[in-house]
There are 2 protein chains.
Amino acid sequence: MKKYATLKDIAKALNISTATVSRALADRWDVSCETKKLVQEEAKRQNYRPNPMATRLQNKRTKTIGLVVPEFKSAFFPNVISGIQKVIDDAGYNLLITQSQESKEIEEKNLKLLESNMVEGILISITREGENDEYYQRLIDSGIPVVFFNRVSSKVDAPKVIIDDYRLAFFATEHLIYNGFKKIYHFEGPVNLSVSKERKRGFIDAMKKHHREVSEKIIHTAGVFSEKGYIAMQNLIAKNDLPDAIFCFNDPTALGALKAIKEAGLKCPDDVALVGFSETEIAQLVEPPLTSIEQPTFEIGVTAASLLMEQLNDCVVTPSRTVKLIAKMNIRKSSINIKK
Amino acid sequence: MKKYATLKDIAKALNISTATVSRALADRWDVSCETKKLVQEEAKRQNYRPNPMATRLQNKRTKTIGLVVPEFKSAFFPNVISGIQKVIDDAGYNLLITQSQESKEIEEKNLKLLESNMVEGILISITREGENDEYYQRLIDSGIPVVFFNRVSSKVDAPKVIIDDYRLAFFATEHLIYNGFKKIYHFEGPVNLSVSKERKRGFIDAMKKHHREVSEKIIHTAGVFSEKGYIAMQNLIAKNDLPDAIFCFNDPTALGALKAIKEAGLKCPDDVALVGFSETEIAQLVEPPLTSIEQPTFEIGVTAASLLMEQLNDCVVTPSRTVKLIAKMNIRKSSINIKK
DNA sequence: AAAATCGTCGTAAACGATTACATTAAAGCT
DNA sequence: AGCTTTAATGTAATCGTTTACGACGATTTT
């Protein structure tokens, strides 16, 4: 590894002081044009680059904010990130992204990494493995503002951006009820995720509101990936326990279920109708197009980043608030009751 | 923003020197247990955190490597990143991710950001907008090793990891030819992307090898997103210029085309067969399942990161080499000739 | 002509941590 | 008792910048 040229090297070569060199490179008024020129030439000759650590040690600003997301294989987080990036860019900040891979340990490691890069604020969507609550709190205490989005800490008091999963699950379920479907099931997400609980609660309450019987046998755990939805559906088919419609935790599980339905020679929505959640690009491409809840992913990013910027600018400690964004339901063929 | 506690603060509070404090916190042998305890308590009381910039200024290692990708909305890069992360983690390094959003400017900004965080090496897949060749070179010259993957610089001499797009496009085209399809078209990707050119070249050469006529009218630009494939296919349908089969630049364009085919009341593969590229999860979920080239995304990440680690460890300048990884073709229903 | 101003530049002290070297006092040795 | 060893701590230089302050000669002001 080559050694960097320093201010001192340039100063020595030109037989002047490092102060003058520094000023010349900063293009200050109190240094003559000739020496400026000399310094700039010598700097170029020696391929000088200022040592960022030394600079930061001095002026203590990094103009950088950090981001921790569980993953970005699904389209959800990438879209959120676009929103974040827009705000960050406009504010002249930089964004450092890390991925916790749903691991509590890696999440903590990433937080430390961001901290050691002196980010001025952190945006985070926590893992489904658990919460590093003590660490979040420690960050906040040490003066690094934190904003949670999508997957939020239940204990730490900080700004949060979420969508109203409960209400949307409620709507989605009512949509199926109003469409005249009788036997409605729910494919549940990972049980220790708050969004899973909220969506399930929404489903149950909607069913209850319309005096539908809610038993454990109409709710099946299907996780987060398409294979799980595929298997869950296959099980139902094997047991000959076919519902009229299923409200699925998300699009991938719905698509997995759809695959199983087709393979069994059944038809959607004729035999089994489906509703997904958190709109993916594929939803419109499959046959039949999938009804899904479209979350304002870009908006989530924008909102979360804006909340962080607010905190960074007002040095005042604003009371932490939770912003609930609304989403919309895209009704497509997969949930149309053709018998009605 | 609160002020951090420093070594000096602790030293002052305990009336000892900063050296002792530093040693006590580093748990050195040459400091008594009592003072160690005192220091640790005081450190906790003052919520002391070492200033990373100062530390780095001293020992000059960050154990961090940087990554620049154009985007991660498609599944491709996230998968590559998983591979990268595995190698990086195993080597005890940290990973900082940035997104250039296909913009040459943002790419340069990101490179500077990574540089100012003193990453010890950089992995990059360049934008399709152009190449920051001078800057890549400058990084390498200043001692930061760079490894290109997937989208590589044509000018800079550095290790590169790619897949053999040409050969695989060739195979995919031959697959269609051997299956007895007569009128075979190609949906081309973004024209200034090397992968587009390679895939197109593979298509053309395969056609020529089998003495098929190659004219400009069998090649249509369809970009990278599904809408483009959708529109391109609609155009063909409108002009009543239906091919038997289409080799598409990627899966999204193929899926877009598929949608148009279905909407027109046509059938795949009966009327138009399709082959995609760079396997997405959806390929298996649609009806009919889509034939696609499965790139070893995880492997690409692993290989690129390993090449970088090699350079970091051997301080020797290894001759840059280009690693071409092989991919496989997943043949599914969308390219089966049912008339044969 | 003395004083004030200005343009250039160097000195030295920061920033916060680490560490080679020096120092001190107590303990161990003959 | 006198000498060496050891433990524990302090002193000060260092990493690479930035910047307040002061110095100095040259020009301008009164």
Side-chain angles (χ1 to χ4, degrees), chain A residues 1-40 42-43 46-63 112 115-120 142-144, chain B residues 1-40 42-43 46-63 112 115-120 142-144:
Chain A
M1 220 163 287
K2 282 165 218 165
K3 235 194 67 181
Y4 279 83
T6 69
L7 279 189
K8 212 186 280 181
D9 296 324
I10 301 179
K12 207 173 291 173
L14 263 50
N15 216 19
I16 53 176
S17 77
T18 63
T20 310
V21 178
S22 172
R23 280 184 288 238
L25 291 173
D27 203 21
R28 287 283 238 285
W29 78 98
D30 57 350
V31 46
S32 74
C33 289
E34 311 156 49
T35 42
K36 262 186 201 171
K37 213 162 282 178
L38 280 174
V39 168
Q40 274 153 8
E42 182 64 24
Q46 297 204 27
N47 189 27
Y48 168 80
R49 337 268 334 245
N51 182 319
M53 296 306 134
T55 313
R56 289 190 185 179
L57 186 54
Q58 279 281 350
N59 30 252
K60 296 168 160 193
R61 294 286 318 255
T62 58
K63 277 273 182 184
K112 282 183 181 154
E115 203 186 354
S116 76
N117 280 308
M118 291 196 71
V119 295
E120 297 178 16
S142 74
I144 303 179
Chain B
M1 219 165 286
K2 283 165 216 165
K3 236 195 66 183
Y4 279 83
T6 70
L7 278 191
K8 211 186 280 182
D9 297 325
I10 300 180
K12 205 173 292 173
L14 264 49
N15 217 20
I16 54 178
S17 76
T18 64
T20 310
V21 176
S22 172
R23 279 184 290 238
L25 290 173
D27 205 19
R28 287 283 239 288
W29 78 98
D30 58 349
V31 46
S32 74
C33 291
E34 310 155 51
T35 43
K36 261 186 203 171
K37 213 161 286 176
L38 280 174
V39 168
Q40 275 153 7
E42 184 63 26
Q46 298 204 25
N47 191 26
Y48 168 79
R49 335 269 334 240
N51 183 316
M53 297 304 135
T55 314
R56 289 187 185 178
L57 185 55
Q58 277 283 347
N59 31 249
K60 297 171 162 190
R61 295 285 319 255
T62 58
K63 278 273 183 183
K112 282 183 181 154
E115 202 187 357
S116 75
N117 279 307
M118 290 197 73
V119 295
E120 297 179 17
S142 73
I144 302 181

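Throughout, protein chains are lettered first and strands after them, A, B, ... in sequence-line order, and every chain is numbered starting at 1.
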May I ask you to verify whether the side chain of B/Gln58 and the base of C/dT19 hold a donor-acceptor pair under 3.5 Å?
no
When the distance from CG of B/Leu57 to P of D/dG16 is rounded to whole Å, what number comes out?
7 Å
OP1 or OP2 of D/dT17 less than 4.0 angstrom from a side-chain nitrogen or oxygen of A/Thr55, does that happen here?
no
What do the steps show when you test A/Leu14 against A/Val39 for side-chain contact (heavy atoms from CB on, under 4.5 Å), and what is the final call?
CA-CA 8 Å; A/Leu14 263 50; A/Val39 168; 3.8 Å; yes
From C-beta outward on B/Pro50, which listed nucleotide comes closest to its side chain: C/dC21, C/dA17, C/dT11?
C/dA17
Check whether any side-chain nitrogen or oxygen of B/Lys36 sits under 4.0 Å from OP1 or OP2 of D/dA8, and answer yes or no.
no
How long is the line joining CG of A/Leu38 and P of C/dT8, in whole Å?
14 Å
Heavy atoms only, 4.0 Å cut-off, all strands: where does A/Asn51 land among base, sugar-phosphate and nothing?
sugar-phosphate
From CH2 of A/Trp29 across to P of D/dA20 the rounded distance in Å is 8 Å
Report yes if at least one side-chain N or O of B/Thr6 is closer than 4.0 Å to OP1 or OP2 of C/dG16; otherwise report no.
no
Take B/Ser32 and B/Ala54, find for each the nucleotide of DNA chain D with the closest heavy atom, and name the residue whose nucleotide sits nearer the 5' end.
B/Ser32
Choosing from D/dT17, D/dG10, C/dC9, which nucleotide comes nearest the side chain of A/Tyr48?
D/dT17
Whole angstroms only, please: what is the CD-C1' distance between B/Gln46 and C/dG16?
14 Å
Go through it in stages, so that I can follow the logic: the residues are B/Thr20 and B/Arg23, the test is side-chain contact (heavy atoms from CB on, under 4.5 Å), and I'd like the CA-CA distance, side-chain angles, deciding distance and then a yes or no.
CA-CA 5 Å; B/Thr20 310; B/Arg23 279 184 290 238; 4.1 Å; yes
A/Val21 side chain reached by A/Lys12 side chain, heavy atoms, under 4.5 Å:
no
Can you check the A/Asp30 CG to C/dG7 C1' distance for me, whole Å?
9 Å
Find the distance A/Met53:CE to D/dT14:C1' and express it as a whole number of Å.
18 Å
I'd like to know if B/Arg56 reaches the base of D/dG16 with its side chain, counting only an N/O donor and acceptor under 3.5 Å.
no
How close do A/Lys36 and A/Val31 get, counting heavy atoms only, and between which atoms?
CE-CG1, 3.5 Å
Is there a side-chain contact between B/Ser22 and the phosphate of C/dT18, meaning an N or O under 4.0 Å from OP1 or OP2?
yes
Could you check how far CG of B/Leu25 sits from P of C/dA17, rounded to whole Å?
9 Å
Within the structure, does a side-chain N or O atom of A/Arg28 lie under 4.0 Å from either OP1 or OP2 of C/dT8?
no
Given C/dG10, C/dA20, D/dT17, which nucleotide is nearest the side-chain atoms of A/Ile16?
C/dG10
Give the rounded distance in Å between these two atoms: NZ of B/Lys12 and C1' of D/dG10.
17 Å
Nearest listed nucleotide, side chain of A/Leu7, among C/dT18, D/dG10, D/dT17
D/dT17
